[in-house]
2 protein chains.
Amino acid sequence: MSEAAIQTYTRADEAFDCLQTAIVKGDLAPGEKIGEVELCSRFNLTRGPLREALGRLESRGLLVRRPHAGVKVVSVSAEELMELYRIRETMEGLAARQAAERMTDEEIADLQATLDTHERMIEQAQGQAYYQAEGDYDFHHRIATGSRNAKLAQMLLGDLYYMVRMYRYRLSTSSGRPHMALGEHRRIAEAIAQRDGELAEFLMKRHINAARRNI
Amino acid sequence: MSEAAIQTYTRADEAFDCLQTAIVKGDLAPGEKIGEVELCSRFNLTRGPLREALGRLESRGLLVRRPHAGVKVVSVSAEELMELYRIRETMEGLAARQAAERMTDEEIADLQATLDTHERMIEQAQGQAYYQAEGDYDFHHRIATGSRNAKLAQMLLGDLYYMVRMYRYRLSTSSGRPHMALGEHRRIAEAIAQRDGELAEFLMKRHINAARRNI
DNA sequence: GCTCTATGGATTGTTGACAATACCTTCATT
DNA sequence: AATGAAGGTATTGTCAACAATCCATAGAGC
């Protein structure tokens with residue numbers, strides 16, 4: 001049987017996804033005060049599911065909501081992005097360490113194979129930052145899930161990454177340095193393959209620290 | 001003027017708080033499938049605000065919701081609590097380091113004064129774990145906010161602490177060891193007062209690690 | 001006797017209308 | 001002229017009814 005992607009998709013989920021991508025991509029300016037009815041007409045929704053989605057978004061810190069006053073997208077600053085990277089540094093360090101201890105051999109092989117395809121992509125589209133960003137996301141995604149720590153993965157994948165992507169869109173901070181990042185990814189994967197959790201943690205922290213300084 | 005505690009409190013907020021405390025305190029059993037109408041009659045609400053609150057709770061990982069099938073409280077295990085403590089260890093370590101660098105002298109004085117009152121409370125109610133738990137919460141709360149890292153504080157205070165408290169209620173894991181914890185708190189505060197971020201981080205990590213092993 | 005299917009009931013998801021609150025405009029007063 | 005207050009309007013918060021989906025039970029077929 002197929003994996004049943006027909007997992008019933010409620011309107012509220014749809015609203016949540018639409019809003020989230022709209023916020024992350026910058027279609028909704030920060031500080032912009034938007035009415036609910038306008039959002040409804042914009043995404044073909046009714047206010048019930050929309051409000052549910054707004055609650056979820058607020059809980060995740062992507063927008064703020066004052067009672068009877070409306071909702072507005074969170075404003076961003078470079079300092080806050082820095083703080084976000086500090087959090088990522090420690091949390092992904094932990095994820096890398098646990099991944100080194102817990103990923104299956106098959107997963108590790110997949111991880112390294114993924115890096116090969118990333119390398120080919122970078123070679124093909126020379127300097128195209130887009131593939132690099134996707135590949136970067138993919139790499140960190142696999143390690144987060146590989147940590148076998150449900151809450152950690154949820155925090156990284158569900159909260160932090162969206163925030164980081166939003167900030168990067170807003171501040172137009174392209175990740176740049178594709179080759180260097182790939183090399184660092186390689187070394188991290190190598191450490192994981194050797195089941196050296198301490199080294200994997202150290203390398204991951206340094207990797208994210210370097211990315212932060214690159215901003 | 002007073003700080004305006006009359007901050008308008010919407011029904012959805014009320015529902016959110018009620019549900020959250022009910023889940024944390026264990027009034028709603030884990031795995032229990034509860035109907036929306038039952039919840040409404042239980043907390044004197046209507047389904048609109050309730051659904052909004054349910055969305056927020058789901059987003060925070062306190063309950064799971066399958067479309068058209070109902071909601072149920074998350075089931076818990078000792079392993080997951082361990083994982084939670086691992087996350088706390090790294091994140092609160094970071095918080096302690098940043099707090100050492102950023103708290104004002106006044107905040108540090110307040111922090112140490114708080115520890116004095118904790119000590120008196122422990123002496124008075126000998127062995128009473130309740131005050132210790134409250135004091136513990138208070139201490140970590142101050143450090144999280146003192147880190148001047150909004151997202152970090154949000155993650156710790158808004159997500160992790162509720163989860164930890166829920167698990168502790170479920171597994172009836174009283175924190176125990178009040179005197180030892182107080183001493184560790186004292187040393188952490190001392191390191192912060194000396195602006196020694198590295199030491200504060202190290203001590204905090206060890207403190208939480210000890211608490212984890214105590215389970 | 002066991003399994004698969006179909007129908008009924010109950011619960012969730014959604015919708016539109018109603019009520020309450022905050023913001024903005026206008027007017028009066030200093 | 002500037003500031004304050006008061007009212008109107010628009011927007012948000014809330015409610016109750018409608019529609020869609022799933023689970024359980026009962027029945028038939030193998």
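Residue numbers begin at 1 in each chain, while the letters A, B, ... track the order of the sequences.
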Just the endpoints, please: which first and last nucleotides of DNA chain D, 5' to 3', lie under 4.0 Å from a heavy atom of chain A? D:dT12 to D:dC22
Is B:Asp116 salt-bridged to B:Arg120, going by a charged N under 4.0 Å from an acidic O? no
Measure the distance from CG on B:Leu39 to C1' on C:dT12 and round it to the nearest whole Å. 13 Å
Show every donor-acceptor pair shorter than 3.5 Å between a side-chain atom in residues 32-41 of chain A and any protein atom, with sequence neighbours excluded, or say none if there are none.
| residue | atom | partner | partner atom | Å |
| --- | --- | --- | --- | --- |
| A:Glu32 | OE1 | A:Ala29 | N | 2.8 |
| A:Glu36 | OE1 | A:Arg47 | NE | 3.0 |
| A:Glu36 | OE1 | A:Arg47 | NH2 | 3.1 |
| A:Glu36 | OE2 | A:Arg51 | NH1 | 3.0 |
| A:Ser41 | OG | A:Val37 | O | 3.4 |
| A:Ser41 | OG | A:Glu38 | O | 2.8 |

For a quick check of understanding: with a heavy-atom distance under 4.0 Å over all strands, which category does A:Leu54 fall into, base, sugar-phosphate or nothing? nothing
Which residue pairs pass the salt bridge (charged side-chain N to carboxylate O under 4.0 Å, His left out) test with at least one member in residues 89-99 of chain B, sequence neighbours excluded? B:Arg88-B:Glu92, B:Arg97-B:Glu201
What pairs with A:Tyr162 under ring-ring contact (aromatic ring centres under 6.0 Å, His included), at least two apart in sequence or on another chain? none
Could you encode protein contacts along nucleotides 19-25 of chain C as a string, one character per nucleotide from 5' to 3', using B for base contact, S for sugar-phosphate-only contact and - for no contact, with a heavy-atom cut-off of under 4.0 Å? --SSS--
Donor-acceptor contacts under 3.5 Å from residues 68-81 of chain A side chains, at least two apart:
| residue | atom | partner | partner atom | Å |
| --- | --- | --- | --- | --- |
| A:Ser77 | OG | A:Glu80 | N | 3.3 |
| A:Glu80 | OE1 | A:Ser77 | N | 3.4 |
| A:Glu80 | OE1 | A:Tyr167 | OH | 2.8 |

Quick note, side chain to side chain donor-acceptor pair (under 3.5 Å) partners involving residues 55-65 of chain A, not counting sequence neighbours, are A:Asp13-A:Arg56, A:Ser59-B:Arg60, A:Arg60-B:Ser59, A:Arg65-B:Glu52
Return each pair, listed once, that meets salt bridge (charged side-chain N to carboxylate O under 4.0 Å, His left out) where at least one residue sits in residues 146-157 of chain B; pairs must be two or more places apart or across chains. B:Glu107-B:Arg148
Contacts of B:Tyr161 that satisfy ring-ring contact (aromatic ring centres under 6.0 Å, His included) - sequence neighbours left out: B:Tyr137
Excluding sequence neighbours, so at least two apart, what forms ring-ring contact (aromatic ring centres under 6.0 Å, His included) with A:Tyr85? none
Check nucleotides 14-18 of chain C for protein N or O atoms closer than 3.5 Å to its own N or O atoms and list the pairs.
| residue | atom | partner | partner atom | Å |
| --- | --- | --- | --- | --- |
| C:dT14 | OP1 | A:Thr10 | OG1 | 3.0 |
| C:dT14 | OP1 | A:Arg11 | N | 2.4 |
| C:dT14 | OP2 | A:Thr10 | OG1 | 2.8 |
| C:dT15 | OP2 | A:Thr46 | OG1 | 2.1 |

Can you list everything that forms a salt bridge (charged side-chain N to carboxylate O under 4.0 Å, His left out) with B:Asp27? Sequence neighbours excluded, please. none
